[in-house]
Amino acid sequence: MNTKKIEHIGIAVKELAEKVYFYEEILGLKKLKEEIVEEQGVKIVFFQIGESKIELLEPLNEDSPIAKFIQKRGEGIHHFAILVDSIEDKIKDMQAKGAKLIGSKATRGADDMKIIFIHPKSSGGVLLELCEAIVKEE
Ligand code: ZN
């Protein structure tokens with residue numbers, strides 16, 4: 001089985017500070033880390049919730065896909081991420097079966113993951129992300 005669990009749920013927000021306060025202080029989740037991913041134009045904060053995470057995404061600029069998402073649909077759930085053992089195998093397998101992916105190769109995402117997005121047309125209107133943890137060599 002190459003698919004393991006829902007790794008995280010990505011939520012698009014206009015401004016992190018206020019929402020971080022909600023998730024951390026009011027809901028009581030543990031804040032894991034903060035990260036900027038320039039290529040995707042986002043600032044991200046991760047929270048742990050059981051075996052999964054919540055990923056809050058704030059756009060860094062107007063061109064960010066997250067900014068466009070918020071303009072069109074408002075704040076809210078942006079994607080679900082599914083953890084896989086081998087993202088390369090999964091991409092090959094899904095392409096062979098006709099799934100529509102966004103791009104054809106995994107790229108580097110936040111949280112030391114290799115990621116690729118699956119087009120919502122294939123998955124019932126939900127943007128899905130596949131991710132595989134990058135094992136750090138020390
Ligand atoms: Zn994500």
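In listed order, ligands and their atoms are each counted from 1. Positions are given from 1 along the sequence.
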Verify side chain to side chain contact (heavy atoms under 4.5 Å, CB included) between Glu58 and Ile66, making sure each step is shown before the conclusion.
CA-CA 7 Å; Glu58 177 194 82; Ile66 296 299; over 6 Å; no

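Excluding water, every protein N/O/S atom under 2.8 Å from the Zn ion (ligand 1) is given here by residue and atom: His8 NE2, Glu55 OE1, His79 NE2, Glu129 OE1.
The OH atom of Tyr23 lies 14.0 Å from the CZ atom of Phe46; values are rounded to the nearest 0.5 Å. Atoms CD and CG, from Glu132 and Asn2 in turn, are 8.0 Å apart once rounded to the nearest 0.5 Å.
The salt bridge (charged side-chain N to carboxylate O under 4.0 Å, His left out) test with Lys43 singles out one residue from Glu15, Glu38, Glu34, and that residue is Glu34.
The ring pair (Phe, Tyr, Trp, His ring centres under 6.0 Å) test applied to Phe80 returns no partner, not counting sequence neighbours.
By the 4.5 Å heavy-atom criterion applied to side chains, Ile11 and Glu55 are not counted as neighbours.
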